[in-house]
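Working notes, beginning with the structure itself.
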Amino acid sequence: MLSPMTSAQSNSLTLAELGWQPFFQQQLTLDELGVLTPMRLVEQYRQEIELAGEGRNLQLALLSSMPQMVVGDWLLINENDGLERLLQRSTCFRRIAAGHQKQEQLIAANVDTAFIVCSLNDDFNLNRIERYLAMVHDAGAEPVVVLSKKDLRDDVEACIEQVQSLAPLLAVEAVNSLDSESKDILAPWCRPGHTVVMIGSSGAGKSTLTNTLLGEERQATQSIREDDSKGRHTTTTRSLIPMAGGAMLLDTPGMRELQLVDMEAGVAATFADIEELATKCRFNDCKHHSEPGCAVMAAIESGDLEERRFLNYEKLMREQAMNAATLAERRASDKSLGKFYKQAISESVRNKRGE
Ligand SMILES: Nc1nc2c(ncn2[C@@H]2O[C@H](COP(=O)(O)OP(=O)(O)OP(=O)(O)O)[C@@H](O)[C@H]2O)c(=O)[nH]1
Ligand SMILES: [Mg+2]
Ligand SMILES: [Zn+2]
């Protein structure tokens with residue numbers, strides 16, 4: 001088991017270096033100040049979590065009574081090294097877990113900037129970048145598209161232009177993750193006290209980039225499969241690692257499937273241009289298919305809006321709504337099942353009492 005700070009170096013970080021901000025400080029009452037210690041969740045295992053605070057680390061066993069917690073969370077710890085409470089998050093990344101058991105899964109909390117790492121090999125895909133953008137907008141963090149493996153492609157500028165066309169103000173950078181020059185390129189977002197998460201497909205180079213930014217081989221990396229350019233899911237845990245004199249870096253495992261849930265605002269923010277066009281359609285409830293006076297269809301016809309982009313917008317809107325409905329249904333049935341069990345138990349108690 002790799003421990004982010006205890007193994008290599010003792011933790012001598014200040015709260016500010018760990019990412020403590022006024023937003024968290026304001027949540028402490030006067031009574032809590034000086035009595036409770038803020039600590040940050042830096043690594044998560046099945047049974048326990050690793051916390052880092054000012055000058056010390058702490059391992060905490062997970063109990064079923066604890067709230068759902070995720071890497072990046074800030075916790076208040078009492079004098080007995082127990083959890084007092086979880087602080088409200090400034091940002092939160094979530095998705096629907098892959099597989100049949102549709103459940104919402106938290107990915108990271110209290111992240112300022114997300115590096116959407118996307119390699120420039122066969123894996124380069126605008127639809128996928130838009131999907132990640134929706135997730136980052138939903139979380140409330142700042143997105144930066146980091147196109148990796150620029151050394152493997154000739155038309156890097158054209159690719160940057162394509163990504164930039166998604167949003168004029170979007171930050172887009174191309175890097176060779178193995179080259180230390182990446183550190184300078186990404187320095188504007190790696191400021192002290194800033195938390196940066198790496199998200200993207202397996203094999204995109206998230207761990208390679210993490211190591212380059214750290215200046216040490218902290219995370220294991222592995223070559224991608226030659227036949228389909230896919231990664232091997234090398235990283236399996238999420239770790240929040242301090243960069244010397246810089247940001248807190250959060251490396252994550254590549255996602256097999258990123259399903260959006262209940263993210264209408266996140267999708268809308270990602271496709272702000274389409275949302276803006278839609279306000280100019282003749283009908284308020286225009287579906288942008290065959291209605292007269294449709295500004296979206298007019299923009300596609302004139303070439304101002306890429307049809308691919310509109311189709312992806314529709315797809316992601318549909319997907320998040322469908323997943324939200326499925327989740328709501330599940331929650332409702334879990335609740336009524338819970339009620340049923342409670343009723344059955346109290347009935348059996350009454351029977352035993354002979355009531
Ligand atoms: N040529 C080149 N190779 C790169 C670059 N970035 C990453 N690689 C290689 O790509 C492979 C996969 O990189 P990783 O860093 O393990 O990818 P990852 O995104 O962490 O993958 P998971 O942990 O599976 O999610 C490794 O063999 C890296 O050396 C790059 O910019 N240029
Ligand atoms: Mg990795
Ligand atoms: Zn329309």
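From a predicted model like this one, the values you see are computed outputs, not experimental measurements. Along the sequence shown, residues are numbered consecutively beginning with 1. We count ligands from 1, going down the list as the structure has it; atoms in each ligand are counted the same way.
- When atom types are taken as modelled, the side chain of E314 and the backbone of L311 share no donor-acceptor pair closer than 3.5 angstrom.
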Legend entry - D73 and L86: CA distance, side-chain angles, deciding distance, side chain to side chain contact (heavy atoms under 4.5 Å, CB included) verdict: CA-CA 7 Å; D73 265 332; L86 171 69; 3.6 Å; yes
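- One finds a salt bridge joining D81 and R56 here, because a Lys/Arg side-chain nitrogen approaches an Asp/Glu carboxylate oxygen to under 4.0 Å.
- When the heavy-atom distances from atom 17 (O) of ligand 1 to A220, G205, S207 are ranked, the shortest goes to G205.
- Nearest heavy-atom pair across S182 and D179 is OG-O, 2.8 Å.
- Here the side chain of N125 pairs a donor or acceptor atom with the backbone of R128 at under 3.5 angstrom.
- Of all atoms in ligand 1, listed by their number and element, those nearer than 4.0 Å to a heavy atom of S202 are 21 (O), 22 (P), 24 (O), 25 (O).
- One finds no salt bridge joining R95 and E104 here, because no Lys/Arg side-chain nitrogen approaches an Asp/Glu carboxylate oxygen to under 4.0 Å.
- Close approach of ligand 1 to G254 is summarised as follows: ligand atoms under 4.0 Å from at least one heavy atom of the residue are 25 (O).
- Counting protein heavy atoms only, atom 26 (C) of ligand 1 is closest to Q222 O, 3.3 Å.
- From the protein, the heavy atom lying nearest to atom 32 (N) of ligand 1 is D151 OD1, 2.9 Å.
- A salt bridge between D138 and R94 is present, with a side-chain N of the basic residue lying under 4.0 Å from a carboxylate O of the acidic one.
- The nearest N, O or S atom of S207 is closer to the Mg ion (ligand 2) than 2.8 Å.
- Given atom 31 (O) of ligand 1, the protein heavy atom at minimum distance is S177 N, 2.7 Å.
- Linking Ile, Leu, Val, Met, Phe, Trp and Tyr residues whenever their side-chain heavy atoms come within less than 4.5 Å places W20 and L75 in a single cluster.
- Among protein heavy atoms, the minimum distance from atom 15 (O) of ligand 1 is reached at T208 OG1, 2.5 Å.
- Scanning the protein heavy atoms around atom 23 (O) of ligand 1, the nearest turns out to be T235 OG1, 2.7 Å.
- Atom 27 (O) of ligand 1 has S223 CA, 3.1 Å as its closest protein atom, hydrogens excluded (heavy atom only).
- The main-chain N or O of C286 is never found under 3.5 Å from a side-chain atom of E291 such that the two would form a donor-acceptor pair.
- Geometric assessment of R153 against the ring of F124 yields a positive cation-pi assignment under the 6.0 Å and 45° thresholds.
- By heavy-atom distance, the residue among R153, M198, K149, K206 lying nearest atom 5 (C) of ligand 1 is K149.
- Below 4.0 Å from some heavy atom of S201 lie the following atoms of ligand 1, by number and element: 19 (O).
- Protein heavy atom nearest atom 3 (N) of ligand 1, with residue, atom name and distance: L178 CD1, 3.6 Å.
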Inset, instruction - Starting from the C-alpha separation in whole Å, work towards a yes-or-no answer on side chain to side chain contact (heavy atoms under 4.5 Å, CB included) for C190 and L213. - result: CA-CA 9 Å; C190 297; L213 294 177; 4.3 Å; yes
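- The Zn ion (ligand 3) is the vertex of the angle joining SG of C281 and ND1 of H288, which measures 100° to the nearest 10°.
- Here's the thing with N176: one of its N/O atoms is less than 3.5 angstrom from an N/O atom of ligand 1.
- Close contacts of ligand 1 with H233, meaning ligand atoms under 4.0 Å from a residue heavy atom, involve 24 (O).
- When hydrogens are left out, the protein atom nearest atom 21 (O) of ligand 1 is G203 N, 2.9 Å; that is the closest non-hydrogen contact.
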